[in-house]
Number of protein chains: 2
Amino acid sequence: MVVTIKDVARLAGVSVSSVSRTLASPESVRPGTRERVLRAAAEVGYSPNAAARALTTGRTYNVGLVVPDLANPFFPTVVKAIQSRAREFDYSVLLVDTDEDPSAEVELIRKLVKQVDGFLLCGPRAADEDLRSFIGETPVVTVNRRVGPIPSVICDHTDGVRQAVGHLAALGHRAIAYVGGPRASAVNRERARGLRSMCTSMGIELVDLGNAAPNFDGGAAAADLVLAAPVTAVLAYNDLQALGLVSRFKERGASVPEQISVVGFDDIPLAGQVSPRLTTIAQRGDLLGRAAVDLLLDLLQDRVGAGGPRRVMPTQLIVRGSTGPAAA
Amino acid sequence: MVVTIKDVARLAGVSVSSVSRTLASPESVRPGTRERVLRAAAEVGYSPNAAARALTTGRTYNVGLVVPDLANPFFPTVVKAIQSRAREFDYSVLLVDTDEDPSAEVELIRKLVKQVDGFLLCGPRAADEDLRSFIGETPVVTVNRRVGPIPSVICDHTDGVRQAVGHLAALGHRAIAYVGGPRASAVNRERARGLRSMCTSMGIELVDLGNAAPNFDGGAAAADLVLAAPVTAVLAYNDLQALGLVSRFKERGASVPEQISVVGFDDIPLAGQVSPRLTTIAQRGDLLGRAAVDLLLDLLQDRVGAGGPRRVMPTQLIVRGSTGPAAA
DNA sequence: TTGTAAGCGTTATCAC
DNA sequence: GTGATAACGCTTACAA
């Protein structure tokens, strides 16, 4: 049998209310009482039943963490940061992987809504209206996506694109291609949009190669399209694709970056090491995750976040070797 | 206000018990009742409060999932499989990342013990006795580690080592080095032990290079030791290290596999693609995860697993390009 | 087959 | 400061 608050109360010779109070706000009981309670609790190894507590307080001390695909190396960083930060505040993390499926995402959130105090939606793939339907029901913070008034933590992807295009333009590139990611990804849309406007304003020609799978194979598959296009550089939706591009380029005998420059996004852990010359636009998944937790907790405390309901994190261009010249 | 079972009962014109019964075992109520209840439930969008249910039944429908480091690319595969399989049975997954810290591991498990029906411990780093202290208190399944009588799902790492050494021996290698992983990792110990016995029995000289960080840098750092050792091949604790070794070898001008053969473990997602010639011993993280969930659920149902409390999954040598000859 | 009511472990609202 | 006691939402004997 497990030990309950009653056992502690009996052992300490006080009522259950005193035990509860001692644990909740030790200063509200007489020192003598406090001591006996704490001693008793320690002796029997008491720890409160979360379900019972949730039932009375309405707070579960759980957060729902939803990610599109944990196999995408960008997310583990975020998830780690979130779980670590949440633990600092005694929150547990309920993890859900939606496998990039928008409808599964909605359904899973629905199922979890009573089990958590709030949600952290990382790069949610569901439609705006579906996401909006949750707000009001339960606190939600989106990561890397803006949905109406929902509080969010996002990276400044547009600025990232600006840096990348600026860099390529400075090297002399006049025409670049973009290999897109999941259609449902808001980050992908933002990158594509930013890219269009940047290229327009800088007089650079942009070839949109459509959407590819957000992984190595997706990039590799798109490589032939890139070579067939009249471009000297290619931006990929993420580093996995970029690695796939580089790999396939090598197979095709196209040297990187001499003949074709490749730029990825995210700065995922292994990429820079296995491909020491890969240029990428870094986003700090750890900072995103941490900030997201802090924002959600602010929401739960009914205190508006110091910086308002939206936080924007910087992105940073990382040129490891050389992105290479178009040097026409 | 949220909708409770009472609301449904009122709307359906029945008692709360009828609602409860309908949801739990529809066949136990009269069809008419059932229909009204279900209709009412759907109308108000009722979903049971997990905390309340947990309080009465003693079952949380949560499993605690503990991993040493989600940034290690082997684990996302396992975690994905676990969360997906758990969901099939309406179980939620509480994720904990211990950052390779054995004492944090124990503490975190302790904190979660009341919130879950059981634990899935992936490659736990804690000491046997600490782990054993949980058994009895709560159902536990370990993945890739055997601890006394605790049910487990493991890969046959010893056989993997056998395959690897056999392969290297066939190629003519007579002396090989081993770059170890975390001291607290049981998998590392098993690999090292298997390696020693295999080498002994096959008359191959083994140089143990001690423990290195289980990542790219750890491998890279160990590369110089390898080159200084009188060996023609090196086994790394995992693929990340193997990639680091290959990278550093290249810097040092040692060609792989002509001058030195490299074999990794795990067959992590990106490795084979960025390093198309990497030889590795694959373990199927997805199968491990799935089997672990099934085993834990068997435990929770008080039915002994069909295959007993321990399941062993195969490992497989994967030679992508060529491991390369010692060909002395 | 259905309803009533006790009880799960905790917190919160009262009196005292 | 402290102790009864009523919730919280649900399941489950037990009665009917």
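Remember, predicted model here, so these are calculated numbers, not experimental data. Every chain is numbered from 1, with letters handed out A, B, ... down the list of sequences.
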Taking atom CZ of B/Arg59 as the centre, report whether more than 12 heavy atoms of other residues, nucleotides or ligands fall under 6.0 Å from it. yes
Closest approach to the side chain of B/Arg21, judged atom by atom: which nucleotide of D/dC10, D/dA13, D/dT2 is it? D/dA13
Atom CZ of A/Arg10 to atom C1' of D/dT2: distance rounded to whole Å? 18 Å
When we call it a touch if two heavy atoms are under 4.0 Å apart, what does B/Ser17 touch: a base, just sugar-phosphate, or nothing? base
Using the side-chain heavy atoms of A/Ala52, tell me which of these nucleotides is nearest: C/dG9, D/dT11, C/dT13. C/dG9
Quick test of your reading of the model: are A/Arg145 and A/Asp128 salt-bridged, counting only N-O distances below 4.0 Å? yes
From CG of B/Asn49 over to P of C/dG9, roughly how many Å is that when rounded to an integer? 16 Å
Any idea which heavy atoms bring B/Ile82 and B/Cys122 closest together, and the distance? CD1-SG, 4.1 Å
Count the heavy atoms of every other residue, nucleotide or ligand shown that sit under 6.0 Å from CZ of B/Arg146, and state whether that count exceeds 12. no
For B/Glu27 and A/Val16, find the nucleotide of DNA chain C closest to each by heavy atoms; which residue's nucleotide sits nearer the 5' end? B/Glu27
Can you list, by residue number, the residues of residues 32-47 of chain A that have a non-hydrogen atom closer than 4.0 angstrom to DNA chain D? A/Thr33
Least distance between heavy atoms, A/Thr60 atom then A/Lys114 atom: CG2-O, 4.1 Å
Locate the shortest heavy-atom distance separating B/Thr4 from B/Asp7; write the atom from each residue and the value. N-OD2, 2.8 Å
Tell me whether the count of non-hydrogen atoms from other residues, nucleotides or ligands lying under 6.0 Å of CD in B/Gln301 goes above 12. yes
Among the candidates D/dG9, C/dA5, C/dG3, find the nucleotide nearest to the side-chain atoms of B/Ser15. C/dG3
In whole angstrom, what separates B/Leu55's CG from D/dT11's C1'? 10 Å
Can you name the salt bridge (charged side-chain N to carboxylate O under 4.0 Å, His left out) partners of B/Arg189, sequence neighbours left out? none
Phosphate contact (C/dT2 OP1 or OP2) by B/Ser18 side-chain N/O below 4.0 Å: no
DNA chain D contacts made by residues 56-63 of chain B, counting heavy atoms under 4.0 Å: B/Thr56, B/Thr57
Given atom CD of B/Gln115 and atom C1' of C/dG9, what is their separation to the nearest angstrom? 14 Å
Given D/dC10, C/dG9, C/dT2, identify the nucleotide with an atom nearest to the side chain of B/Pro48. D/dC10
Do any side-chain nitrogens or oxygens of B/Arg53 fall under 4.0 Å of OP1 or OP2 in D/dT11? yes
Please determine whether a side-chain nitrogen of the Lys or Arg among B/Asp130 and B/Arg125 lies less than 4.0 Å from a carboxylate oxygen of the Asp or Glu. no
Give the rounded distance in Å between these two atoms: NZ of B/Lys6 and P of C/dT4. 13 Å
Can you figure out which of C/dT10, C/dC14, C/dG9 approaches the side chain of A/Ile5 most closely? C/dT10
